[in-house]
Amino acid sequence: VARGLEIQTHLIERPQRLSGGERQRAAIARAFLSDPAAILLDEPLAHLDPQLRARVREQFAQFRKRFPGPVLYVTHDHQEAMIFADRLAILHEGRILQSDRPQRVYDFPVSLQVAQFLGARAMNVFEDGGVSIGIRPERIVIRDDGELRGEIIECEFAGADRYLQIATPRGRLTVRAGGDAPAIGERVGLHFPAEWTRRFDRASGNAL
């Protein structure tokens, strides 16, 4: 367990000699080794640097598979939540807004608040016919015969992907594109597949 959490070289140290991140990992190890009925974790990987966090996340997932009881894992990291959760709950001001399988919550949010909370980039929202229309950046298709046209005004590099900011008559939209994305200044057509388009009540924000 210590090796998996990369604290095997610190086993002879007193807690006060460990860094905050090392103490966190020691606490996780003790929790899994204490034969508990359930494990409650509050931001357990919060103070780790990104590379170490990714490695420990993999080991944690393995520990989780071997643990027979329930684990309640609180995190503000959306990716972490989607990776670990069998069931995902969105908590806001002490109230659960939605609880379901992670993919279900992501694809079918019950409200605009949930929709714009999850994801590497927030869901696009614009008004149409008296309702709010929502669609995620990765679901918008760039094609010449798209039902809406706009101009690319920004391009953010994100490894294999590009996130384009496109000015349209419906407002500014974010679109995820591949490495061969159009350049800034180009005008493009945007298609919104019906199966990935969500409708929300303008007043309440609840899904229709």
Side-chain angles (χ1 to χ4, degrees), residues 43-62 64 73 75-90 97-98 100-128 132-200 205 207:
E43 300 279 6
L45 308 182
H47 298 300
L48 307 185
D49 67 69
Q51 289 185 336
L52 177 58
R53 186 171 184 157
R55 295 197 301 271
V56 172
R57 185 186 286 161
E58 292 177 5
Q59 292 296 329
F60 182 90
Q62 296 302 314
R64 170 67 187 93
Y73 191 108
T75 179
H76 287 85
D77 187 310
H78 305 164
Q79 183 182 18
E80 214 164 80
M82 298 289 285
I83 289 172
F84 289 143
D86 301 308
R87 190 171 187 87
L88 178 66
I90 305 297
L97 303 180
Q98 184 173 359
D100 209 327
R101 291 178 290 106
Q103 196 66 51
R104 181 78 183 174
V105 177
Y106 185 80
D107 288 336
F108 297 95
V110 298
S111 68
L112 274 173
Q113 191 172 20
V114 172
Q116 296 188 302
F117 180 76
L118 279 179
R121 300 294 187 280
M123 176 180 275
N124 293 291
V125 179
F126 56 89
E127 306 303 320
D128 182 48
S132 296
I133 302 297
I135 186 168
R136 296 204 176 275
E138 66 271 21
R139 300 303 185 186
I140 298 177
V141 180
I142 296 177
R143 71 185 199 191
D144 292 338
D145 63 344
E147 51 265 37
L148 184 66
R149 295 195 66 81
E151 180 183 346
I152 299 172
I153 56 176
E154 288 183 24
C155 180
E156 179 186 346
F157 176 75
D161 294 319
R162 306 287 191 277
Y163 283 94
L164 307 177
Q165 297 296 319
I166 302 178
T168 79
R170 300 277 178 81
R172 183 165 165 163
L173 302 180
T174 302
V175 178
R176 191 181 76 181
D180 56 350
I184 293 175
E186 288 190 45
R187 290 189 61 81
V188 294
L190 303 176
H191 170 61
F192 308 102
E195 65 270 26
W196 298 114
T197 302
R198 304 289 173 252
R199 300 168 68 247
F200 302 91

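For the numbers below, each heavy atom of this structure counts, side chains included, while hydrogens, waters and symmetry mates do not. One is the number of the first residue; the rest follow in order along the sequence. Worth saying up front: this structure is predicted, and the values here are computed from it rather than measured.
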**Request:** Might you point out which heavy atoms bring Pro102 and Ala85 nearest each other, and give the distance in Å?
**Result:** CG-O, 3.4 Å
**Prompt:** Below 4.5 Å, heavy atoms only, C-beta onward: do Pro193 and Ile135 meet side chain to side chain?
**Reply:** yes
**Message:** Looking at every non-hydrogen atom in both residues, tell me the closest pair between Thr168 and Gly150 and how far apart they are.
**Reply:** CG2-CA, 4.1 Å
**Request:** Rounded to the nearest 0.5 Å, what's the gap from OH on Tyr73 to CG on Leu45? Could you check?
**Result:** 3.5 Å
**Asked** Considering the options Glu58, His78, Arg57, which one meets the side-chain contact (heavy atoms from CB on, under 4.5 Å) requirement together with Ile83?
**Response** Arg57
**Message:** Can you tell me how far apart CD1 (Ile166) and CZ (Arg149) are? Round to the nearest 0.5 Å.
**Reply:** 10.5 Å
**Prompt:** Given the rule in the side chain to side chain contact (heavy atoms under 4.5 Å, CB included) test, do Leu118 and Leu88 qualify, once you have shown the distances and angles that lead to the verdict?
**Reply:** CA-CA 11 Å; Leu118 279 179; Leu88 178 66; 4.1 Å; yes
**Message:** Just to verify, what does Asp145 make a salt bridge (charged side-chain N to carboxylate O under 4.0 Å, His left out) with, not counting sequence neighbours?
**Reply:** Arg143
**Item:** Inter-residue atom distance Asn124.CG - Gln116.CD, 0.5 Å rounding
**Value:** 9.0 Å
**Message:** Let me confirm one number: the CZ-OG1 distance from Arg136 to Thr174, rounded to the nearest 0.5 Å.
**Reply:** 12.0 Å
**Request:** Show the numbers, then the answer: is there a side chain to side chain contact (heavy atoms under 4.5 Å, CB included) between Leu164 and Ile142?
**Result:** CA-CA 11 Å; Leu164 307 177; Ile142 296 177; 3.8 Å; yes
**Neighbour count >12 (heavy atoms, 6.0 Å) for atom CD, Glu147** = yes
Counting only pairs under 3.5 Å, give me each side-chain donor-acceptor contact of residues 155-163, with atom names and distances, residues two or more places apart or in other chains.
residue	atom	partner	partner atom	Å
Glu156	OE1	Arg121	NH2	3.2
Glu156	OE2	Arg121	NH2	2.6
Arg162	NH1	Gly159	O	3.3

**Message:** For the CZ atom of Arg198 and the CZ atom of Arg139, what is their distance to the nearest 0.5 Å?
**Reply:** 8.5 Å
**Prompt:** What is the minimum heavy-atom distance between Phe200 and Ala115, and which atoms define it?
**Reply:** CZ-CB, 4.1 Å
**Message:** Within the supplied structure, the quantity of interest is the number of heavy atoms (other residues, nucleotides, ligands) at a distance under 6.0 Å from Asp144 CG; does it exceed 12?
**Reply:** no
**Any side-chain heavy-atom pair of Ser132 and Glu127 under 4.5 Å** = yes
**Contact check, side chains of Phe117 and Gln98, non-hydrogen atoms, under 4.5 Å** = no
**Asked** Do you know the tightest heavy-atom contact between Asp77 and Thr75?
**Response** N-OG1, 2.9 Å
**Fill in**
Rounded to the nearest 0.5 Å, the CG atom of Leu190 sits from the CG atom of Leu173 at a distance of 6.5 Å
**Message:** Taking atom CZ as the centre, does Arg187 end up with more than 12 heavy-atom neighbours from other residues, nucleotides or ligands that are less than 6.0 angstrom away?
**Reply:** yes
**Fill in**
Residue pairs meeting ring pair (Phe, Tyr, Trp, His ring centres under 6.0 Å), one or both in residues 166-198, sequence neighbours left out, come to Phe126-Phe192
**Prompt:** Backbone N or O of Ala167 within a donor-acceptor pair of the Arg170 side chain at under 3.5 Å?
**Reply:** no
**Prompt:** Is it true that a side-chain atom of Glu43 and a backbone atom of His76 form a donor plus acceptor pair closer than 3.5 Å?
**Reply:** yes
